[in-house]
Q: 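Quick one: the structure is below, questions incoming.
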Amino acid sequence: MKALVYQGPGKIIWKTVPVPGLLQPTDVIVKVTRTTICGTDLHILKGDVPAVHSGRVLGHEGVGVVEEIGSAVRNFKKNDHVLISCITSCGRCGYCKRQMYAHCEDGGWVLGHLIDGTQAEYVRIPHADNSLYHVPDDVDEDALVMLSDIFPTGFEIGVLYGAVKPGDAVAIVGAGPIGMATLLTTQFYSPGKIIMIDTDPSRLKLAIKLGATEIVNAADDDAVERVLAQTEGGADVAIEAVGVPQTFNICQQIVRPGGHIANIGVHGKSVDLELQVLWSKNITLTTGLVNTNTTPMLLKTVRAKKLAPESLITHRFSFAQIMKAYEVFGNAAQENALKVIISNSHASTR
Ligand SMILES: [Zn+2]
Ligand SMILES: [Zn+2]
């Protein structure tokens with residue numbers, strides 16, 4: 001089969017590798033029909049994630065069809081259409097019992113990280129009973145790829161940890177895929193204001209279409225001043241969706257007393273926590289890696305047409321064009337790219 005293989009910092013190649021086989025009775029082999037590229041994959045490509053070794057097949061998002069099942073798998077059978085969760089979970093350890101699947105003792109984020117991932121024609125999914133979801137017949141599979149990672153991440157770590165309430169002023173710093181997923185899912189709670197902050201005018205324009213009530217271009221304006229002017233004393237919820245010190249800094253300056261800072265961004269550097277200002281503000285600061293425990297709920301909202309994850313898809317490629325897809329996604333600003341779909345339109349033989 002063909003797969004996208006990491007070959008050390010700055011190097012990836014689409015090449016022939018052995019088809020994965022079952023290793024544990026709880027495994028399933030999925031024939032991947034659709035996958036995508038995540039900002040995290042670009043971090044890996046830059047060499048920011050040293051746990052990823054040369055030779056690793058990348059990718060932790062996708063949908064597909066069950067090809068082969070281990071003898072202990074109960075919930076899936078051959079030919080089932082499945083959504084692959086970016087988080088693998090055994091369902092039995094202490095963390096899984098608390099639905100903190102991100103910290104599963106035999107899972108967590110392993111796909112395309114510690115084991116081979118989904119940017120391939122076939123992928124092995126460990127603990128399949130707890131790590132895959134059935135795809136309803138009436139749902140667009142392109143849309144569902146967005147539910148592997150970005151929608152649960154935006155919803156759980158941004159909206160739920162940020163404790164968004166009706167009427168709140170919500171500020172989202174970063175209008176990338178995760179920020180947009182946060183923007184769409186925060187609307188479940190009818191906030192009074194949703195202020196989107198970014199430096200890319202085309203992303204800000206899309207944010208308005210997707211429900212932002214205000215936009216701030218941080219390249220032209222003082223974002224902190226603008227948010228403070230548009231809210232009564234600051235944001236109730238400030239959501240960080242980038243992962244650099246500057247954006248975290250905006251969040252800690254715009255949060256109002258009693259408010260929440262929900263950090264979603266993947267940080268590679270330490271930030272200055274302004275505790276000398278924040279100590280008396282009664283704020284809550286949360287962080288997190290997605291648990292994907294809300295995936296079944298999000299699936300229901302998509303099916304009920306209360307959520308349209310496909311609105312984030314800007315480009316489509318075939319598996320054979322995956323290198324081009326990386327190029328486009330890697331130059332997202334110039335290409336006006338948000339999420340790319342890579343599909344196995346010409347299902348090849350094993
Ligand atoms: Zn991801
Ligand atoms: Zn577990």
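Start at 1 and go down the list; that is how both ligands and their atoms are numbered. Keep in mind that this is a model prediction, so the values were computed, not measured.
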Q: Ring-plane angle category for Trp14 and Phe319, please: parallel below 30°, perpendicular beyond 60°, tilted otherwise.
A: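 Trp14 vs Phe319 ring planes: parallel.
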
Q: Which donor-acceptor pairs under 3.5 Å do side chains of residues 158-176 form with protein atoms, sequence neighbours excluded?
A:
from, atom 1, to, atom 2, distance (Å)
Asp168, OD2, Lys165, N, 2.8

Q: To the nearest 0.5 Å, what is the distance between CG on Leu58 and CD1 on Ile44?
A: 5.0 Å

Q: Do any protein N, O or S atoms sit under 2.8 Å from the Zn ion (ligand 2), and which ones are they?
A: Cys90 SG, Cys93 SG, Cys96 SG, Cys104 SG

Q: Is the closest side-chain donor-acceptor distance between Thr35 and Glu61 under 3.5 Å?
A: no

Q: Do any protein N, O or S atoms sit under 2.8 Å from the Zn ion (ligand 1), and which ones are they?
A: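 Near the Zn ion (ligand 1), below 2.8 Å, one finds Cys38 SG, His60 NE2, Asp149 OD2.
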
Q: Using links of under 4.5 Å between side-chain heavy atoms of ILVMFWY residues, direct or through other members, which residues join Trp279 in one cluster?
A: none

Q: Please check if any side-chain donor atom of Asn344 sits under 3.5 Å from a side-chain acceptor atom of Thr33, or the reverse.
A: no

Q: What's the separation between atom CZ in Arg34 and atom CD1 in Ile84, rounded to the nearest 0.5 Å?
A: 12.0 Å

Q: With under 30° as parallel and over 60° as perpendicular, where do the rings of Trp109 and His60 fit, or are they tilted in between?
A: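 Perpendicular: the ring planes of Trp109 and His60 meet at over 60°.
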
Q: Give a yes or no answer on whether the side chain of Gln321 reaches the backbone of Ser318 with a donor-acceptor pair at less than 3.5 Å.
A: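 Here the side-chain-to-backbone pair exists.
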
